[in-house]
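Structure first, then comments.
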Amino acid sequence: MPSIAIVGAGPGMGLAIARTFGSRGFDVALIARNRSKLDDLVGRLEAEGITAAAFPADVLDHDALTLALKDAATRFGGIDVLEYSPAGSLESTPLTVPSQTNPSDVQWAMDFLLYGAIAATRAVLPAMREAGAGTLLYTGGAGSADPVPMLGNLNAAQAALRNWVLGLHKELAGTGVQAAHVAIGVWIGTDGPPGVPTAPAEKVAPLYWDLHTHREEAERVFTA
């Protein structure tokens with residue numbers, strides 16, 4: 001059975017992506033910090049007939065993240081698809097406008113988005129290269145290409161991630177390994193800030209399957 005590892009798995013996009021791939025025969029490895037929340041997601045997926053397992057790790061701890069992905073590969077006989085989409089809550093995410101952004105404000109976002117993505121990729125890409133097959137999918141915001149002032153520090157890190165992923169896509173051309181970026185321009189769910197467009201995760205998740213199957217594409221953008 002093919003497998004997908006979802007880094008930053010939660011009850012929104014992570015669960016929707018797990019269902020999208022799991023319903024098509026993929027085993028699912030769920031990676032995030034909270035073991036009890038992961039166990040709940042595993043139970044929900046298994047109730048739907050999807051094989052899943054939890055591998056707790058913090059994306060800011062690169063050694064732990066690497067070990068979790070190695071353990072997932074051992075459990076499922078390899079990782080065919082990596083999806084990277086860690087997300088914080090409004091309460092836990094420090095947001096700054098560009099003129100009020102300090103280097104430390106961007107450093108936090110870079111650690112969370114770009115550096116974690118690089119660590120996760122380095123954990124799975126060598127085996128994909130050797131096999132001549134695999135998919136690497138990364139989630140960012142549409143502000144990575146069209147910035148929103150209130151998200152100044154976050155958009156800067158998202159832009160760095162997007163640039164790195166598009167470069168990786170070009171580097172891997174012809175190797176059998178696909179790398180692609182999903183830019184989401186809506187709030188997932190219904191609890192977003194006033195005036196911000198929203199969408200259910202189930203409407204966005206099919207983009208990830210499209211990028212897995214349409215391997216010449218480097219990016220999809222979802223907007224309201």
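What's counted below: heavy atoms across the whole structure, side chains too, no hydrogens, waters or symmetry copies.
Side-chain atoms of Asp146 and Asn155, non-hydrogen and from C-beta on, never get closer than 4.5 Å to each other. Two residues are said to be in side-chain contact when any heavy atoms from C-beta on lie closer than 4.5 Å; Thr51 and Val28 fail this criterion. For the pair Phe55 and Arg75, the minimum side-chain heavy-atom distance is below 4.5 Å. Phe112 is not listed as a side-chain neighbour of Gln107, based on a closest heavy-atom distance of 4.5 Å or more. Looking at heavy atoms from C-beta onward, Pro56 lies in side-chain contact with Leu38 at the 4.5 angstrom threshold. Looking at His181 and Ser144, their side chains come closer than 4.5 Å, going by heavy atoms from C-beta outward. The closest side-chain heavy-atom distance from Pro197 to Trp187 is not below 4.5 Å. Proximity of Met13 to Tyr208: side-chain heavy atoms (C-beta onward) are separated by under 4.5 Å at one or more points.
Using a 30° and 60° split on the angle between ring planes, Tyr138 and Trp164 fall in the perpendicular class, above 60°.
Minimum interatomic distance between Asp105 and Gln100 (heavy atoms only, all atoms of both residues): OD2-O, 3.9 Å. Closest approach of Leu30 to Ala18, counting heavy atoms only: CD2-CB, 4.4 Å. For Ser3 against Asp80, the heavy-atom pair with the smallest separation is N-OD2, 2.8 Å. The two atoms that bring Ala54 and Asp39 nearest to each other are CB-OD1, 3.8 Å, heavy atoms only. The shortest heavy-atom contact between Gly141 and Gln158 is N-NE2, 3.4 Å. When all heavy atoms are compared, the tightest approach of Ala179 to His169 is O-ND1, 2.8 Å.
Note: the hydrophobic cluster containing Leu95 also contains Met110 (ILVMFWY, side chain heavy atoms under 4.5 Å, direct or indirect links). Met150 and Val106 fall within a single hydrophobic cluster, where Ile, Leu, Val, Met, Phe, Trp and Tyr are joined by side-chain heavy atoms under 4.5 Å apart, directly or via other members. Residues Val182 and Leu166 do not share a hydrophobic cluster, defined by chaining ILVMFWY side chains whose heavy atoms lie under 4.5 Å apart. One hydrophobic cluster, built from ILVMFWY side chains closer than 4.5 Å, holds both Val148 and Leu113.
The environment of CD in Glu130 is sparse: at most 12 heavy-atom neighbours from other residues, nucleotides or ligands sit within 6.0 Å.
Note that OH of Tyr84 is 9.5 Å distant from CD1 of Ile118, once rounded to the nearest 0.5 Å. Note: Met1 CE to Asp27 CG = 5.0 Å, rounded to the nearest 0.5 Å. Going from atom CG of Asp63 over to atom CG of Asp58 covers 12.0 Å, rounded to the nearest 0.5 Å. Atom CZ of Arg24 and atom CD1 of Ile50 lie 10.5 Å apart (nearest 0.5 Å).
A side chain to side chain contact (heavy atoms under 4.5 Å, CB included) with Val204 holds for exactly one of Ile188, Thr20, Thr139, Ile17; it is Ile188. Applying the side chain to side chain contact (heavy atoms under 4.5 Å, CB included) test between Leu82 and each of Ile31, Ile4, Leu137, Val7 identifies Val7 as the sole match. Of the options Gln178, Arg215, Glu83, a side-chain hydrogen bond (donor to acceptor under 3.5 Å, both in side chains) to Thr135 is made by Arg215 and by none of the others.
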Quiz item: Does the pair Arg44 and Val42 meet the rule for a side-chain contact (heavy atoms from CB on, under 4.5 Å), with working shown?
Solution: CA-CA 5 Å; Arg44 294 167 69 177; Val42 168; over 6 Å; no
Between Arg122 and Thr66, does a side-chain contact (heavy atoms from CB on, under 4.5 Å) hold up when you go through it step by step?
CA-CA 8 Å; Arg122 290 179 62 87; Thr66 298; over 6 Å; no
For Ile184 and Leu207: C-alpha separation, side-chain torsions, deciding distance, then whether side-chain contact (heavy atoms from CB on, under 4.5 Å) applies.
CA-CA 10 Å; Ile184 300 176; Leu207 271 65; over 6 Å; no
Show your reasoning for whether side-chain contact (heavy atoms from CB on, under 4.5 Å) applies to Asp111 and Val59. CA-CA 8 Å; Asp111 288 344; Val59 299; over 6 Å; no
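In the model, Asn34 has a side-chain atom that pairs as donor or acceptor with a side-chain atom of Ser36 under 3.5 Å.
Residues passing the side chain to side chain contact (heavy atoms under 4.5 Å, CB included) test with Ala119 are His62, Leu65, sequence neighbours excluded. For Arg19, the salt bridge (charged side-chain N to carboxylate O under 4.0 Å, His left out) criterion is met by Glu48, not counting sequence neighbours.
The ring of His212 has its center closer than 6.0 angstrom to the ring center of Phe26.
In this structure a side-chain-to-backbone donor-acceptor pair under 3.5 Å is missing from Lys37 to Gly10.
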